[in-house]
Amino acid sequence: MIKTERILHLKSCRGRKVRVVREHYLREKVPCYSSLCQADCVNDGKLLPGDLIHYVVPDVGVVVDYLEILELRELQGIVFTQTACQGVQHSKGRRQYNRLRNLLRDPRHDCVLFANEFQEYAYCPREKGESQEKWQTRCVYSAAVWYYNHLAGMMDVVMITEDQDAVAQYSCLNSGVYVISVQDYLQNFWQELQAAHELYSSISQTLQEKESVSTEKEFTEHLPAEVLEAGIKSGRYTQGTLNVNKYRSQNEASVRPEGFTNKSTDLSREVLVYGNKNRNRAVHGDTVVVELLPKSEWKGKVTALTEGQGEEKSGEDNDSKPMPTGRVVGILQRNWRDYVVTFPLRDGTQSQSRNSQRILAVPWDNRIPKIRISTQQAEALQDHRVVVRIDSWESTSLYPNGHSVRVLGRAGELETEIQTILIENSINVLPFSDAQLKEMPVNSPEKPWKVDPAQATERRDLRKSHLVFSIDPKGCEDVDDTLSVRSLAGGTLLELGVHIADVTHFVAKGSLTDLEARSRATTYYLADRRYDMLPAVLSSDLCSLLGGVDRYAMSVLWELDAQTLAVNKVWYGRTLIRSSYQLHYELAQALLNGEQAEVPELVRLGSEEKDAKLAELTQALERLTHVARHLRAHRDRGGALELEGVEVRAQLDKEKNITALVPRQPLEVHETVAECMIYANHWVARKIQEAFPHQALLRLHPPPRVEFFSQLVESANARGFTIDTSSNKALAESLDAAVDPQDPQVNRMLRMMATHAMSQALYFSTGALPQEMFYHYGLALDFYTHFTSPIRRYADIVVHRLLTAAIAMDKGSSSSEALDSNRELEEISHHINSRNRAAQRAQNLSVQLFQCLYFKDRDPQTDQCCVADALIYSIRDDGVLVFVAQYGVKGPVYMKNREGQVVAVGEDGSCEWQSGSVRRYSDHITTTSGCGTSTFRLFDHITVRISVQSSRCHADSLNLEVISNKPHRSAEPQQPQQHQGRSQLVQEVVRQAEEASQQAQEKAARRPKLSREEREFSQSKSPNLYLLLEEIRELALMDPRLTAQVCASTA
Ligand SMILES: [Zn+2]
């Protein structure tokens, strides 16, 4: 080892230059991380493959400016030098540096770090008079040469640099290393990789035009980091995430401190940031620091309805009192992501400046400011949507500068709009890579998958002893969960079993599949498609607990007292099962109701055997229902809430056109299955938190903030009901009592409002919070987690691993896998929570997209589908918010329009616009015009006309206009399930059961069911709609914030 001195010239935060002398140790052995290595380097970690045609070593400038290109997963064999990494750290800061580090850590990216400055022969000290840039380039070149020699010329090495002098100087040295520019590199080696070329031209153009900025300040400078830190510590400044108001994005934004705290003080700590100047270049989502303005400058939020407004979750400070108002003084963390934009229309007003290529792109998300980009395609791409990234926002510029990344497609086309939704929610679902798929077990007709004999002896074999079955939505392919119930000890005991797909058997921790699943965190369900978390060979085949085949499972078995149903004993462990029946909900319910129903698995049996089997199955279902009712009653006593989510599904025809939107039928068997899953999740949560009190992944549901209930309480009051929000039990009971026998929609609406007021359920690590915060408010359980859906939720995979480790601990052996620490689990929780929110948003947006598609081609003036009944659920200054049950649509109805006209009601109830005035009261709003005064009250039914409001740059939205203050005539038959007699319901169930068995038979005939496309990409083109329904159900149950939902189905 050789010691030298290295002199660094650093700049302090205040711009002062500091000279630092560091001892610098050079070594002979520095790992090369190449699988071609012949020199016994200690290459632990990821390796560059040996079967590439070259390795590429980017210069500092390339890594600093073009990292995005190097981030493309297609690029292989990249060697990042220590010199380049340090260059990024110094010139681009932490954010870019972290991106580079993530890239290096992520095994899905084929790149490694070479510590060239510690390598005796690669290191070159800086020479006198040599500029920093020249020296760095020389270091990178020297590293490239070292690589070439170290691998004995077995691999070509290419260095890429934007320094033309370096290209000229080093190209003629005959060292074996090719030195070329980025553009040449891409053209020679990646000609087909369009994404890289687009990025290159967009970034290089942006760099060229960077110089021409004015010097006039538009904004005040941000304060230095240490000043911000001191200010936060002393309480002078507040730190939080900037949240721009969707409906008043120009002026209104707020900052609320983050975290788990749900104390009522939180709301009062919210700071309003009013206007663009005070926002001081902060973008929606950034972590900012604000300073309060003097009280005289405080403002209130606007409470009038605004264009496109659905509803907001807030304390409903209807009177808009002035609140703490502040200005942004610094930004701690930029949370910029990819944004979808539309280029402005060429009307001659844009960019009068010399450079006509600079335009202001309009983001799809109206909370994001316009972004200035340089492009030559502004004209050609007028009606397209384009992805852009923000690069910087100087204090001299009114708008942030950015560059385009890629073109999505024509606005308005389904694929473009779906891609837009994904990008806007940072959902990245590339097809699974070859390397990932290579990890997968094979199951083909030639090489069928078989139970491993070693596994068969290790696992508890339930194939003969237990009648196992699944109950899922029709057409479900990924069966996560199965059930069993049997009588023991001569009928004195009852054994309930929940058997869950053993995904962690197939997905090893840290494998590529595991990392991909982790980064997705969940399967994404959109209205017409889904993106799986796991490759299809697992999710719809080997992990899926299909009927009639042997499968590995993770089981929980409860031994219950047959009379009291008290738990005697619980057993957790790995099992081997074979599900006997793959039932769907409607069929199971029909069996329970004693209806004649065809069970596909029994079709071919003789009548005697069939009757016996049917009796056995029906008995199991009855026992299950009995147990579930008991469990539910027990939770109800503890205060569990029954919440209401709107579940409407869109029927699609083969071309994905919506033919109808229909509400969903509730069945008791849904509750039964859900209850068993809740029970399993609860007991697994108990088990793992007991075993790992400081590092188990659980799920909590914080109690809601009382302020959020004010609208619910007031609305219920208006109807003469009292809602008690003091506890979940009180809330549940008062909601149960708030029933208007004349109008079942009132109770439904109140439950929806309660749902909306709820906090969101969240994953967390047990080491991060005190135990009293573990409580799940909605389910009224002290411990809860997710265990039952490992095929579509990553949290369940983590929990399966924890349970395995806990079981191993019971047996006295330590688990083979290292457990995640509390900190790691907190990170995972945070990631999954954020991905779940993204999944929900994306799902909601896709539902809205299809709602708009449903109405888009209809003429609102003549088409009866566009006229519907609406229930008023909130009163605002200039209108009301309504809920259209038939379509699951919520939205504003204006009583006053922009021209100052108001809704005037004629004698027959019909409405028209006339000049006049509106007046708002707590539970009603009145309009006064030439026709006299009319009143719209909370919970009134009115008739609205639905039309589509098209938008060029944003998503289309639905427009609701009142056409009569009376209920819509055809409203009655649209709400069948409330009035419908039992016999009608049964008929409906039988009809669906028949349909289902027919479908199941058709399906059986179609095996093998995995198309090549599905196998490779695991991205089903055909919608799996029933699954979607199921997922939404669960979301509604677990994440009660979810309110309006529409699911699609091909009926
Ligand atoms: Zn080596």
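Note that ligands are numbered from 1 as they come in the structure, with each ligand's atoms numbered from 1 the same way.
Ring planes of Trp190 and His54: perpendicular class, angle over 60° (limits at 30 and 60°). The aromatic rings of Tyr185 and Phe189 are tilted relative to each other, their planes meeting at an angle between 30° and 60°.
Geometrically, Arg520 engages Phe432 in a cation-pi contact, judged by NZ or CZ lying under 6.0 Å from the ring centre and within 45° of the ring axis.
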**Item:** Stepwise ring pair (Phe, Tyr, Trp, His ring centres under 6.0 Å) check, Tyr552 with Trp449
**Value:** CA-CA 12 Å; Tyr552 299 147; Trp449 179 84; 5.3 Å; yes
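Panel note: side chain Ser34, backbone Leu36; a donor-acceptor pair is recorded below 3.5 Å.
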Side-chain donor/acceptor pairs under 3.5 Å, residues 165-174, sequence neighbours excluded:
{"residue": "Ser171", "atom": "OG", "partner": "Val167", "partner atom": "O", "Å": "2.6"}
{"residue": "Ser171", "atom": "OG", "partner": "Val179", "partner atom": "O", "Å": "3.2"}

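Protein N/O/S atoms closer than 2.8 Å to the Zn ion (ligand 1), listed by chain and residue number, are Cys32 SG, Cys37 SG, Cys41 SG, His150 NE2.
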